[in-house]
2 protein chains.
Amino acid sequence: MTGIDPSVVRSLPMFEQLSDDELSRLLASATLRRVPVGKAVFEQGQPSTHFFLLLHGRLKVTQVTPDGQQIIVRVVHPGDIFGFAKALQRDDYPGTPLAAAESLVVCWPTEVWGTLIEQIPSLAINAMQTIGQRLQEAHTRLREMATEEVERRLAHAVLRLIERAGRQESTGVRIDFPISRQDLAEMTGTTLHTVSRILSAWEALGLVTGGRQKLLVRDAEGLRALAEDGT
Amino acid sequence: MTGIDPSVVRSLPMFEQLSDDELSRLLASATLRRVPVGKAVFEQGQPSTHFFLLLHGRLKVTQVTPDGQQIIVRVVHPGDIFGFAKALQRDDYPGTPLAAAESLVVCWPTEVWGTLIEQIPSLAINAMQTIGQRLQEAHTRLREMATEEVERRLAHAVLRLIERAGRQESTGVRIDFPISRQDLAEMTGTTLHTVSRILSAWEALGLVTGGRQKLLVRDAEGLRALAEDGT
DNA sequence: CGCGAGTTTGAGGCTGTTCAAAGAGGGTGG
DNA sequence: CCACCCTCTTTGAACAGCCTCAAACTCGCG
């Protein structure tokens with residue numbers, strides 16, 4: 001036993017169809033790890049020795065270019081698996097997952113991946129669907145980057161965030177982890193200056209309320225209209 | 001029998017490890033289809049009834065935005081499988097694969113996907129690796145779109161093309177299928193005008209030789225230098 | 001309370017788009 | 001076989017969105 005609560009893992013969509021037996025087999029080879037804010041679960045370029053499941057918290061996956069520029073490739077939400085580079089025939093991790101909030105991850109050695117998907121075929125199918133969705137999201141973002149201007153891209157990014165990380169509040173939907181203007185810029189391929197200007201404009205329109213590493217969406221419908229037709 | 005030559009399929013990396021028995025089972029449910037230049041194998045939004053393997057030719061996978069803008073999400077090369085949306089829990093195709101050159105595709109009904117990967121586990125692993133590579137390429141392009149200017153993005157796109165579709169000629173490497181300035185623009189998120197200007201500049205530098213739907217890379221190293229450090 | 005990280009806002013300049021028009025290649029039909 | 005036409009390509013000029021540079025401001029933590 002590793003101190004991981006099976007019922008917590010079971011409650012995740014990815015694992016809900018597993019039997020008690022399968023689940024305990026899965027957790028037998030797992031370890032638990034706490035990741036403080038600002039720390040990385042692993043570093044881009046390191047050999048891919050483990051794959052992971054995010055139980056709690058939030059991770060920003062960054063990629064750094066040879067010349068030092070950084071972008072956020074995606075955000076890992078609780079319940080997501082990540083870092084299974086080895087399953088994708090890579091020997092090193094393609095990005096760095098940084099904890100945006102205090103996080104809790106389950107770790108498996110990559111060696112068990114093969115035996116796991118053999119023993120638990122539904123897991124393989126789930127994993128494939130997960131990558132498929134990720135690929136589609138990547139294509140969607142590519143299309144946005146190619147055809148939309150910054151304001152609409154930012155609107156789409158914020159809408160995606162409240163979909164996966166939104167917490168209802170009295171005055172709107174809050175993004176439930178610390179996120180800076182710089183982060184939003186790295187998600188949309190622009191600068192923090194432009195993000196700041198656009199958010200200021202949105203605030204004047206009553207669409208959002210800003211704050212230091214905070215964002216509250218007051219009018220999701222208004223934002224969606226802006227994202228869709230550019231109104 | 002469907003008239004598909006097993007040895008042709010066997011020669012593809014994706015299927016090379018299959019036994020004769022597995023291969024004939026695979027081809028039993030398949031049909032062959034010829035796709036003329038300019039025609040689509042299927043249309044974006046259609047129900048995903050089949051998945052495919054490109055035997056010969058070249059496909060440009062396009063996505064159209066609600067407001068009519070178009071981008072090229074990726075290029076399908078011979079040996080690639082495509083259109084397996086159903087395996088990724090989608091009921092419709094996310095894009096439209098257009099034949100850039102006369103093409104030949106193998107078609108399977110989506111129903112056989114499940115039984116196939118059960119019977120031939122290596123196929124499931126291959127498929128997963130394939131999607132994984134595609135995801136990485138998408139992330140790479142996202143990073144380029146976010147951080148690089150048009151000229152470097154175009155250089156990267158051309159280098160990727162000669163990697164998968166390059167044919168050695170006496171004076172350089174030719175891109176082995178008809179590709180227009182418009183196509184290159186839709187791959188790099190710019191306009192055909194800008195692509196034309198950049199190619200003209202490259203031609204003046206002796207890096208490439210252009211032509212109507214033609215491109216010959218005379219100095220791949222020079223292009224790579226330009227793509228890497230922007231020299 | 002002071003410091004540092006994050007944010008806001010302005011001004012100017014550059015890259016790339018938009019609009020416009022002319023030129024060239026290649027296929028087709030007479 | 002040639003002329004025509006359609007599509008693709010080239011090039012120019014003006015404009016615009018966004019970035020860069022710069023500086024001030026503010027929130028929150030130690």
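FYI, side chains are in, hydrogens and waters are out, and symmetry mates aren't considered; it's all heavy atoms of this structure. Convention: sequence-line order gives letters A, B, ...; per-chain numbering from 1. Quick caveat: nothing in here was measured; it's all calculated off a predicted structure.
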Student: Take the protein atom CZ of A:Arg197 and the nucleotide atom C1' of D:dA24, then report the distance between them rounded to whole Å.
Tutor: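 Rounded to whole Å, this separation is 14 Å.
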Student: Answer yes or no: is there a donor N or O on one side and an acceptor on the other, between the side chain of B:Arg141 and the main chain of B:Met187, under 3.5 Å?
Tutor: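 Judged by distance alone, yes, a pair lies under 3.5 Å.
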Student: With no hydrogens and no angle check, just 3.5 Å: does a side-chain donor-acceptor pair link B:Gln89 and A:Gln133?
Tutor: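 Yes, a side-chain donor-acceptor pair sits under 3.5 Å.
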Student: Donor-acceptor check, side chain of B:Ser196 to backbone of B:Leu192, threshold 3.5 angstrom: yes or no?
Tutor: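 Side chain of B:Ser196 to backbone of B:Leu192: no pair is present.
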Student: Give one of base, sugar-phosphate or nothing for A:Ser196, where a contact means two heavy atoms less than 4.0 Å apart.
Tutor: base
Student: Can you tell me the distance, in whole Å, between the CG atom of B:Leu199 and the P atom of D:dC8?
Tutor: 16 Å
Student: Between the main-chain N or O of B:Asp176 and the side-chain N or O of B:Arg174, is there a donor-acceptor pair closer than 3.5 Å?
Tutor: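 Pair absent, no side-chain N/O of B:Arg174 close to backbone of B:Asp176.
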Student: Is a salt bridge present between A:Arg152 and A:Glu144, judged by a nitrogen-to-oxygen distance below 4.0 Å?
Tutor: no
Student: For the pair B:Arg153 (side chain) and B:Thr188 (backbone), establish whether a donor and an acceptor sit closer than 3.5 Å, ignoring hydrogens and angles.
Tutor: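 Pair found, side chain donor or acceptor close to backbone of B:Thr188.
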Student: Check DNA chain C against residues 201-216 of chain B and give the residues with a non-hydrogen atom under 4.0 Å, in numerical order.
Tutor: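 Within this stretch, B:Arg212, B:Lys214 sit under 4.0 Å of the strand.
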Student: Counting distance only, does the side-chain N/O of A:Ser48 pair as donor-acceptor with the main-chain N or O of A:Arg90 below 3.5 Å?
Tutor: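 Side chain of A:Ser48 to backbone of A:Arg90: a pair is present.
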Student: Can you give me the first and the last nucleotide of DNA chain C (5' to 3') that has an atom within less than 4.0 angstrom of a non-hydrogen atom in chain A?
Tutor: C:dG4 to C:dA11
Student: Any donor-acceptor pair under 3.5 Å linking the side chain of A:Ser103 with the backbone of A:Val35?
Tutor: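 A pair under 3.5 Å: no.
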Student: Quick check on contacts: within residues 174-195 of chain A, what sits under 4.0 Å from DNA chain D by heavy-atom distance?
Tutor: A:Gly189, A:Thr190, A:Thr191, A:His193, A:Thr194
Student: Classify the angle between the aromatic ring planes of A:Phe42 and A:Tyr93 as parallel (below 30°), tilted (30 to 60°) or perpendicular (above 60°).
Tutor: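 The arrangement is parallel - the two ring planes meet at less than 30°.
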Student: Give the rounded distance in Å between these two atoms: CD of B:Glu149 and C1' of D:dG17.
Tutor: 15 Å
Student: Would you say that A:Gln46 contacts A:Asp92 through its side chain, given a criterion of any heavy-atom pair below 4.5 Å between the two side chains?
Tutor: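 Heavy-atom side-chain distance check fails, nothing below 4.5 Å.
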